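In what follows, a structure is listed as structure tokens, so that the remarks can point back to it.
As the structure lists them, so they are numbered: ligands from 1, and atoms in each ligand from 1. In this text, all values refer to a predicted model and were calculated from it rather than measured experimentally.
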Amino acid sequence: MGSSSTSALLSLLSILVLVPWATSASVEETFLQCLSLRSNPSSPISALVYSSNNSSYQSIYTSTIQNLRFLQSDTPKPLFIITPLNESHVQTAVICAKENGLEIRIRGGGHDYEGLSYRAEVPFLIVDMSNLKTITVDIEDNSAWVQAGATLGELYYRIAEKSNVHGFPGGVCHTVGVSGFLGGGGYGYMLRKYGLGADQVIDAQMVDANGQILNRETMGEDLFWAIRGGGAASFGIILRWKVKLVPVPPVVTIFNPSKTIEEGATKLVHRWQYIADKLHEDVFIRANLELTNTSSGGKTIKVTFSSMFLGTIDTLLPLMNESFPELGLKREDCTEMSWIDAVKNLGGFPDSTVEVLLNRSLQSKSTYKMKSDYVKQPIPESAFEGIWKRFLQVETPIMQLNPYGARMSEISESATPFPHRKGNIYKIQYLVYWQQNGTHDEETKRHINWIRELYKYMTPYVSKFPREAYLNYRDLDIGTNNRGNTSYAQASIWGRKYFKNNFDRLVYVKSKVDPGNFFRNEQSIPAVTAW
Ligand SMILES: Cc1cc2nc3c(=O)[nH]c(=O)nc-3n(C[C@H](O)[C@H](O)[C@H](O)COP(=O)(O)OP(=O)(O)OC[C@H]3O[C@@H](n4cnc5c(N)ncnc54)[C@H](O)[C@@H]3O)c2cc1C
Ligand SMILES: *[C@@H]1O[C@H](CO)[C@@H](O)[C@H](O)[C@H]1NC(C)=O
Ligand SMILES: *[C@@H]1O[C@H](CO)[C@@H](O)[C@H](O)[C@H]1NC(C)=O
Ligand SMILES: *[C@@H]1O[C@H](CO)[C@@H](O)[C@H](O)[C@H]1NC(C)=O
Ligand SMILES: *[C@@H]1O[C@H](CO)[C@@H](O)[C@H](O)[C@H]1NC(C)=O
Ligand SMILES: *[C@@H]1O[C@H](CO)[C@@H](O)[C@H](O)[C@H]1NC(C)=O
Ligand SMILES: *[C@@H]1O[C@H](CO)[C@@H](O)[C@H](O)[C@H]1NC(C)=O
Ligand SMILES: *[C@@H]1O[C@H](CO)[C@@H](O)[C@H](O)[C@H]1NC(C)=O
Ligand SMILES: *[C@@H]1O[C@H](CO)[C@@H](O)[C@H](O)[C@H]1NC(C)=O
């Protein structure tokens with residue numbers, strides 16, 4: 001065959017391959033065709049697309065799934081997983097998913113408690129951002145640009161690499177992704193001094209529902225407001241965040257004394273409620289309530305006051321003696337170290353070097369259910385007695401009480417979508433872990449039922465009208481959108497718990513920037529026509 005007829009044949013073939021004929025091509029085929037049509041030869045996307053036919057599909061899919069409850073055989077799987085290496089791949093994924101009526105689940109660190117970053121009840125693909133993880137720290141400017149797929153541990157590490165007096169008020173567990181964290185608010189041991197992670201965001205780049213790349217200037221202040229605590233996944237795919245760094249002293253102190261109820265833990269945790277939010281802003285004392293074994297083979301409850309102080313032991317001791325003498329904190333309970341070592345140790349790795357912060361596969365995976373509450377008035381001692389009774393009904397119950405106050409009370413409720421500011425003494429996180437055996441097994445039912453009963457029991461003691469909840473402690477029990485029906489009324493049930501009156505502004509922004517409701521999930525902000 002001559003070369004001209006060869007090329008004619010080739011172009012005929014490529015037309016046959018590329019032109020979708022609606023009646024016979026499956027959505028999978030037309031989606032892949034769309035990707036290859038839009039693929040840039042200098043940065044091809046096909047090598048970054050996994051379907052169940054690819055041998056590494058399964059390992060990529062499971063790589064960052066934290067909650068094994070959503071790693072069951074009947075959990076719906078994505079048609080495709082795309083792992084962008086280039087920001088243009090994210091744009092292509094959005095445009096082709098939209099063209100083909102596929103929903104997108106955006107995955108950062110994969111820690112969503114309800115698995116919303118990697119599961120859906122409709123045909124969907126996962127855009128997994130974990131390859132986009134470059135972090136550029138600018139000490140002079142007191143800021144960092146962080147790509148959306150980075151983890152908190154990577155951010156801490158890159159800051160500490162350049163300075164021992166700069167830090168970031170991120171979360172406790174270093175494998176958490178920056179995007180879920182910042183998009184939902186995000187707190188940790190420096191919450192009282194500096195506020196949320198989201199409070200430090202000063203710019204962002206994202207891909208919107210039209211596949212356009214926006215930054216703070218081009219997205220406008222409404223959208224920029226919404227993605228800092230309103231759940232970025234309702235609005236687009238974040239490519240990178242610019243955050244302010246915060247000052248940390250060269251030496252911080254950590255301490256975590258504990259007491260069992262036999263040693264007076266009930267009185268102590270009751271007392272803690274009166275001081276935790278009023279302490280000096282440099283002190284953060286979290287109370288962890290858990291079950292523990294007694295030496296005689298029984299079970300009891302232990303309260304651990306897991307804490308960080310932004311300063312030395314010498315400054316801390318008189319301060320604690322004055323404001324929380326009941327704790328009886330002694331010099332030998334305290335350890336001085338750098339901020340980065342404190343972050344590593346409090347994250348659970350006292351025996352590792354700081355390089356552990358770069359390890360993404362450390363978090364031991366398990367099966368769990370979590371819920372949250374906000375407390376505005378100290379709860380009575382008798383209520384704790386009731387909690388202890390319930391704790392003894394399961395193997396691994398935990399409650400974490402995280403103090404607010406200080407900086408958190410100075411930031412207005414509407415400054416970001418995260419509304420839980422002044423007036424909150426502390427936030428409760430309820431956790432229960434269990435060993436799962438199948439999807440709807442008895443153990444799963446028993447434990448989910450248990451935590452719902454505990455939540456019901458707590459009703460009189462926690463915030464009301466609405467009963468507030470923390471978006472990053474995602475809980476589908478508090479309400480979900482109807483599939484295919486983005487009713488404002490329905491969404492406002494869960495929306496007001498997470499956002500209070502900020503919910504209305506979120507709906508307004510959503511309706512403006514994504515009126516077709518392309519970015520949606522079980523708890524995404526609805527788009528309405530009547531704005
Ligand atoms: C072990 C553990 C410890 C935790 N500790 C803390 C803590 O100390 N403080 C705290 O505040 N929270 C904590 N959390 C909660 C955590 O902040 C949230 O689960 C957070 O949403 C996780 O972010 P991720 O990126 O890892 O999760 P993902 O599951 O990947 O994402 C969470 C949500 O963000 C969306 N999202 C992710 N990336 C993007 C993006 N690029 N653009 C748009 N949307 C995106 C997802 O679609 C999903 O809706 C913890 C969770 C776990 C499991
Ligand atoms: C998955 O398989 C398809 C078809 O065999 C191939 O084109 C694609 O490059 C593979 N993806 C990856 C990431 O290897
Ligand atoms: C997977 O392979 C099967 C058979 O080999 C094929 O029919 C199907 O189209 C492939 N799916 C994708 C998404 O490539
Ligand atoms: C990303 O893609 C753009 C074009 O879409 C290209 O100019 C750029 O070089 C690519 N970057 C990388 C790191 O591949
Ligand atoms: C408590 O004892 C049980 C066995 O009775 C054991 O399985 C569990 O690991 C122990 N828990 C702790 C925290 O030591
Ligand atoms: C604690 O304060 C009391 C007085 O309020 C004082 O008598 C005591 O010496 C102080 N203890 C320490 C360790 O500072
Ligand atoms: C990360 O931690 C896991 C679990 O401890 C370990 O198996 C793995 O080798 C570590 N990875 C790196 C790169 O150190
Ligand atoms: C798991 O469930 C199956 C039945 O679904 C049962 O046969 C098996 O014994 C269970 N295993 C455990 C460890 O409970
Ligand atoms: C949508 O939800 C609203 C509120 O729950 C309900 O009144 C309405 O009937 C629903 N519509 C459809 C089509 O399901």
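By the neighbour-count criterion of 12 heavy atoms within 6.0 Å, atom CD of Glu221 is densely surrounded, having more than that number from other residues, nucleotides or ligands.
The pair Glu468-Lys376 meets the salt-bridge criterion, with a side-chain N (NZ, NE, NH1 or NH2) lying under 4.0 Å from an Asp/Glu carboxylate O.
Remark: ligand 2 atoms within the under-4.0 Å shell around heavy atoms of Ala47 are 12 (C), 13 (C). Using a 4.0 Å cut-off to heavy atoms of Val49, the atoms of ligand 2 that qualify are 1 (C), 10 (C), 11 (N), 12 (C), 13 (C). Counting atoms of ligand 1 from 1 in the listed order, those under 4.0 Å from a heavy atom of Tyr368 are 53 (C). Annotation for ligand 2: atoms under 4.0 Å from non-hydrogen atoms of Tyr50 are 13 (C).
Ligand 1 has no nitrogen or oxygen under 3.5 angstrom from a nitrogen or oxygen of Ala232. Taking only nitrogen or oxygen atoms, main chain and side chain alike, Asn54 reaches within less than 3.5 Å of ligand 2. Where the criterion is an N or O separation shorter than 3.5 Å, residue side chain and backbone included, Gly171 fails it with respect to ligand 1. Backbone and side-chain nitrogen or oxygen atoms of His111 are examined, and one is located within less than 3.5 angstrom of a nitrogen or oxygen of ligand 1. Residue Ile237 has no nitrogen or oxygen atom sitting less than 3.5 Å from a nitrogen or oxygen atom of ligand 1, judged on distance alone. Checked against a 3.5 angstrom limit, the closest N/O atoms of Cys173 and ligand 1 fall outside it. Considering backbone and side-chain N/O atoms, Gly177 comes within less than 3.5 Å of an N/O atom of ligand 1.
Contacts between Arg107 and ligand 1 below 4.0 angstrom, taking non-hydrogen atoms only, involve backbone and side chain alike. Residue-level proximity to ligand 1 for Val172 is carried by backbone and side chain together, each with a heavy atom below 4.0 angstrom. Neither the backbone nor the side chain of Asn53 comes within contact range of ligand 2; no heavy atom lies under 4.0 Å. Residue Tyr470 touches ligand 1 through its side chain alone, judged by heavy-atom distances below 4.0 Å. Heavy atoms of Ala148 found under 4.0 angstrom from ligand 1 belong exclusively to the side chain. Looking at Tyr189 against ligand 1, nothing comes within 4.0 Å, counting heavy atoms.
Counted by atom type alone, Asn100 and Thr30 present one or more donor-acceptor pairs between their side chains at under 3.5 Å. For the residue pair Asn86 / Ser43, a side-chain donor-acceptor distance below 3.5 Å is found, with atom types taken as modelled.
Residue pairs satisfying the salt bridge (charged side-chain N to carboxylate O under 4.0 Å, His left out) criterion with at least one member in residues 339-356, sequence neighbours excluded, are absent. Applying the salt bridge (charged side-chain N to carboxylate O under 4.0 Å, His left out) test to residues at least two apart or on different chains, the pairs with a partner in residues 181-201 are Lys193-Glu281, Lys193-Asp282, Asp199-Arg421. The stretch residues 51-72 participates, sequence neighbours left out, in these salt bridge (charged side-chain N to carboxylate O under 4.0 Å, His left out) pairs: Arg69-Glu114.
His111 has its side chain out of reach of Thr64: every pair of non-hydrogen atoms, C-beta onward, lies at least 4.5 Å apart. Taking 4.5 Å as the limit, some side-chain heavy atom of Tyr470 sits within range of a side-chain heavy atom of Tyr374. The side-chain heavy atoms of Ile135 and Trp145, taken from C-beta on, include no pair separated by under 4.5 Å.
Heavy atoms of Gly236 come nearer than 4.0 angstrom to ligand 1 in at least one pair. Ligand 1 has Arg474 within reach: a non-hydrogen atom of the residue lies less than 4.0 Å from it. Note on ligand 1: Val176 sits in its first shell, one or more heavy atoms being nearer than 4.0 Å. Heavy-atom distances between Gly188 and ligand 1 stay at or above 4.0 Å for every pair. Heavy-atom separations between Gly183 and ligand 1 are all 4.0 Å or longer.
Within 4.0 Å of ligand 7, counting heavy atoms only, the contacting residues are Asn359, Ser361, Leu362.
Using modelled atom types, one side-chain atom of Gln490 and one backbone atom of Thr480 make a donor-acceptor pair closer than 3.5 Å. Of the possible polar contacts, one joining the Ser511 side chain to the Val507 backbone as a donor-acceptor pair under 3.5 Å is found.
Remark: Asp203 CG to Lys242 NZ distance equals 6.5 Å, nearest 0.5 Å. The CG atom of Asn40 lies 8.5 Å from the OG1 atom of Thr92; values are rounded to the nearest 0.5 Å.
Closest approach of Tyr61 and Pro78 over heavy atoms only: CE1-CD, 3.6 Å.
Close placement of the Tyr189 and Phe284 rings is indicated, their centers lying within 6.0 Å of each other.
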